[in-house]
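Here is the naming used below: chain letters follow the sequence lines, and residue numbers restart at 1 for every chain. Hydrogens, waters and symmetry mates play no part in the numbers below; they use all other heavy atoms, side chains included.
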Amino acid sequence: MQDLLSFLISLLFRPCIFIPLIFPGLTVIFIMLLMIIWLERKIAAKVQLRYGPLYVFKPLGGVIQTVADLLKDLFQEPIIPKTVDKIAFLLTPIMLFGLAYLPTVVIPVSPTFYAFRSDLSLLLLLTLTTLAPIFTVLMGWASNNKFSLIGGLREGYLVISYEIPMFLSALSMAVLYGSLDLVDIAEAQKGIWGLFLNPVAGISMLVLIYMSTGKFPFEIPEAESEIVAGAYTEYSGIMYGLVMGASYVKLYVLSLVYAILFLGGWNPLPASMMDNPLLPGAMLFAKAFILIAIGVFLRAVYPRFRIDQAMNIGWKMALPFSILAIFISLGIVTITGGM
Amino acid sequence: MSLWSNPITMIFLLSSTLSIIAAIFIVYHKSIVYSAFFLSMLGVGNAILFALLGFPIISLFHLSVYVGAAVTFILFSVAMLKEAPSVEPPIKALAVLSVIILTIILIKVLSPFSAEPSFFLNYRELTSLLVTKYWFALIVAAMALMTALIGAITIARREV
């Protein structure tokens, strides 16, 4: 019995199981979702001089309010309207959440602890994040509802605006460090973090991350005051939980990538602490969590852009800045002879 | 190791089956939105085939350009249109015949080649090859893309 237990524990700590299932995979995603939605409501409440969620477990400021909300969502009857396209309507939330979660398998936790290492891992990660918007557009069509369709199309417009500059900003860091391998990129930032070497790429990537995940001021595809909940309007119960969770998961994944590309990943931990994956993992998670918290804080302080303003920002500001970022990287590489 | 227990062979069979089924559905599904979705499935299948051939970088670009970008654009356009009634030209027998002939020809032509990757394409080698040996083609391609970009901006600004 003891042998079996120790075997199961050792199996759990193998990178190919630990990373997709525990960190940065499902378990941490689940806890992070519950925490971040509570934090979002709490921060917005503080800014607007309210209490926010408070009554479920008062001593800790209502922190398990989101657990109660989740239980409500789980046991709510999922309503499927008669006019929707049933297969697409039911399949898209699952695909959307699955594709938002999929890139976590590529993310390394420490220099020696990763499920998958390739000299193209950054490119693979960026590619996997481009697949999810297909399902938001499909969701808008399948719901057979004007608000949903407009929400889906707005998502399409945003994709056109953010995808290319985001790729360019991320790849400018690959140019700077001469590698597309996330482990190499994080290891190269032992001294100076990428954000300080190439701040233009850092700032444009951060703005584009919030744009791609529909956070304020770019919460255009699901603008409540205009189009109810955008592509998610017709969803209820656990399916609504899945589609709402997907955008937070995408924010989490992109924040982890940002932490690796610009904030040094698991650095500045000393090499002696790298043997156990928990400490570097905690460092990486802390950095990503701060970025997510900034993202949800923006909800409280910014108004929403119109779709044409968001497209202008994407094409007229982010694209030139990301091209500039590539030139800055090339300049640094030319001067220093490679990082 | 037998042919069936080789994971590469299994992945090849699964992805090629996925590609063929997706291609059939693209043509035969009555809804164009579903056809666009199956186009993305075809793209995924083809990307896996490229990766199996030893070209992971082409596979990733295929995935991001033909699935991530192109299918989003197609879905984006067709979702706004009304479903058009499909018109089927009465040439089914001819189509089946041409598929059979093409299959036979492909089997004859391709049978001496194996499915094993002949070499692994490293992106560093690829880029150095592009800028040293094929630099002129690269410049021409860049200029063509630049012209397309300028054209797109001109149309978007409605100055013509």
Checking Arg306(A) now: which residues fulfil salt bridge (Lys or Arg N to Asp or Glu O under 4.0 Å) with it, not counting sequence neighbours? Asp308(A)
Is the number of heavy atoms from other residues, nucleotides or ligands under 6.0 Å of Tyr240(A) OH greater than 12? no
For Ile134(A), is it the side chain, the backbone, both, or neither that has a heavy atom closer than 4.5 Å to a heavy atom of chain B? both
Counting only non-hydrogen atoms closer than 4.5 Å, does Phe135(A) touch chain B with its backbone (N, CA, C, O), its side chain (CB onward), both, or neither? side chain
Can you tell which of Ile164(A), Leu149(A), Asp85(A) has the highest number of heavy-atom pairs within less than 4.5 Å of chain B? Asp85(A)
Donor on one side chain, acceptor on other, Tyr232(A) and Ser247(A), under 3.5 Å: no
Residue from Phe73(B), Tyr34(B), Phe61(B), Phe37(B) scoring the most non-hydrogen pairs under 4.5 Å with chain A is Tyr34(B)
Aromatic Phe321(A) / basic Lys316(A) pairing, under 6.0 angstrom, 45° off normal: no
So, the part of Ile87(A) with a heavy atom under 4.5 Å from chain B: the answer is both
Given the options Leu60(B), Thr72(B), Val71(B), which has more heavy-atom pairs under 4.5 Å with chain A than any of the others? Leu60(B)
Contact origin within Ser179(A) toward chain B - heavy atom pairs under 4.5 Å: both
Strictly by side-chain hydrogen bond (donor to acceptor under 3.5 Å, both in side chains), give each pair with a member in residues 126-140 of chain B just once, sequence neighbours left out. none
Greatest number of heavy atom pairs closer than 4.5 Å to chain B - which of Leu131(A), Leu180(A), Leu128(A): Leu180(A)
For residues Ser169(A) and Ser204(A), is any side-chain donor paired with an opposing acceptor at under 3.5 Å? yes
